[in-house]
Amino acid sequence: GFSTLQRLLTRYVVDGRRNEAIAPGIVSVSPEGLQPTRFPTVVVQFSEPMEASSVCAALSVTDAQGRAVAGRCRSMGDRLEFELLSPVSGTFDARIAPAATDLVGNALQAERRWSFALDVTGPTLLSSNVAEGATDVPLDTFFMLRFSKTIEPASFSFSTFTLSAEFAPPVAIEVVLAGDTITVRPRQPLARGTRYTLIVPATLSDMVGNALGQPYVISFVTDQGRDPHVLAVAHATVNVIENLGMVSVAEGIEDPAEL
């Protein structure tokens, strides 16, 4: 049998007659199946070089609602690439019609249909037990961060998380990943009445490689050191005085706003 190169060199069409009548086939397609991928390019590998305009015209991609998906088509010999221009997460159907032909006009053996899934959405932070801008945070606090998707362990490194106070070195922390939840725990109690900032790295990604895209920053202030018992007594005393219609605060009780 001839090699592919020999077949290419000896192919011709004269008055509609072809010297070679072997129908091309499809060797492989990707992506295929419902296991999501984040790469929005459809690739079709043919058994031989194809006529470029025919294969691009023969390819169609539709979304879950049956709407045609726009893309950029490139034919390179026996390989076809179709890059989705505005990729979104979801399922898609693809089809190569028999109208695709090889270089001498032989039509494809049969149409090929397949489905694939895209996931191009990165994880987001759903909740944190310490909110941005929180005050009076306990000195022995820890952080439980829950994300919208499972985090890929390979993208996770405790050394990329930072917890620090202004003009101070980073605080030593322990960071643990469990599925979609990350726990950050300082190794020692935090300083009283101090503003801290926790930075969650943008490099965290989901299981198909979609990254956060930008870091999450949570700033908070630790407990100021007010004595809750003194505050309770002061507030109770002020309430009694107000109920009696008195103007001054009882002797020996400080203004609670100054405590």
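FYI, side chains are in, hydrogens and waters are out, and symmetry mates aren't considered; it's all heavy atoms of this structure. Residues: numbered from 1 along the sequence shown.
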Hydrophobic clusters here meaning ILVMFWY residues chained together by side-chain heavy-atom distances under 4.5 Å, can you tell me if [X] and [Y] are in one?
X      : Y      : result
Leu118 : Val208 : no
Leu125 : Phe158 : yes
Phe82  : Trp114 : yes
Phe46  : Val61  : yes
Ile96  : Leu103 : no

Donor-acceptor pair, [X] side chain versus [Y] backbone, under 3.5 Å?
X      : Y      : answer
Glu48  : Asp78  : no
Ser148 : Thr124 : yes
Thr222 : Leu139 : no
Ser89  : Val120 : yes
Gln65  : Arg67  : no
Asn129 : Phe142 : yes
Glu132 : Ser219 : yes

On a heavy-atom basis, which atom in [X] and which in [Y] lie closest, and how many Å separate them?
X      : Y      : answer
Phe116 : Pro31  : CB-O, 3.4 Å
Ala23  : Ala107 : CB-O, 3.4 Å
Ser75  : Val55  : OG-CG2, 3.5 Å
Ala211 : Ala202 : CB-O, 3.7 Å
Ile22  : Asn106 : O-ND2, 3.5 Å
Thr194 : Arg192 : OG1-O, 3.0 Å

Spatial distance of atom [atom1] ([X]) from atom [atom2] ([Y]) [nearest 0.5 Å]:
X      : Y      : atom1 : atom2 : value
Ser205 : Ile151 : OG    : CD1   : 7.0 Å
Leu108 : Ile26  : CG    : CD1   : 4.5 Å
Thr41  : Leu84  : OG1   : CG    : 7.5 Å
Arg72  : Glu83  : CZ    : CD    : 5.0 Å
Glu152 : Leu204 : CD    : CG    : 10.5 Å
Arg195 : Ser164 : CZ    : OG    : 12.5 Å

Does any part of the side chain of [Y], heavy atoms only, come nearer than 4.5 Å to the side chain of [X], both counted from C-beta?
X      : Y      : result
Val43  : Ser30  : yes
Leu80  : Met50  : no
Pro153 : Met207 : yes

| query | Checking side-chain contact (heavy atoms from CB on, under 4.5 Å) for the pair Val42/Val29: CA distance, chi angles, key distance, verdict? | reply | CA-CA 7 Å; Val42 175; Val29 297; 6.0 Å; no
| query | Given Phe220 and Leu190, is the side-chain contact (heavy atoms from CB on, under 4.5 Å) satisfied, shown in steps? | reply | CA-CA 11 Å; Phe220 61 95; Leu190 302 178; 3.9 Å; yes
| Is a salt bridge present between Arg95 and Glu111, judged by a nitrogen-to-oxygen distance below 4.0 Å? |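 Salt bridge flag = yes for Glu111 with Arg95.
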| Is Lys149 paired with Asp119 through a side-chain N to carboxylate O contact shorter than 4.0 Å? |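 Judged by the 4.0 Å cut-off on N to carboxylate O distance, Asp119 and Lys149 do form a salt bridge.
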Could you give the side-chain donor-acceptor pairs of residues 171-187 under 3.5 Å, partners two or more places apart or in another chain?
unit_1	atom_1	unit_2	atom_2	d
Glu174	OE2	Arg187	NH1	3.2

| message | Please confirm whether the ring centroid of Phe143 lies under 6.0 Å from the ring centroid of Phe161. | response |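 No, the ring of Phe143 stays outside the 6.0 Å limit from the ring of Phe161, centre to centre.
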| query | Which class fits the ring pair Tyr216 and Phe147: parallel under 30°, tilted 30 to 60°, perpendicular over 60°? | reply |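 Geometry flag for Phe147 against Tyr216: perpendicular rings.
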Any side-chain donor near an acceptor of the partner, [X] and [Y], under 3.5 Å:
X      : Y      : value
Ser53  : Glu51  : yes
Asp93  : Ser115 : yes
Gln224 : Asp136 : no

| said: Checking Val88 against Asp63 for the side-chain contact (heavy atoms from CB on, under 4.5 Å) test, could you report, in this order, the C-alpha distance in whole Å, the side-chain angles of both residues, the deciding distance, and whether it holds? | reply: CA-CA 10 Å; Val88 295; Asp63 63 17; over 6 Å; no
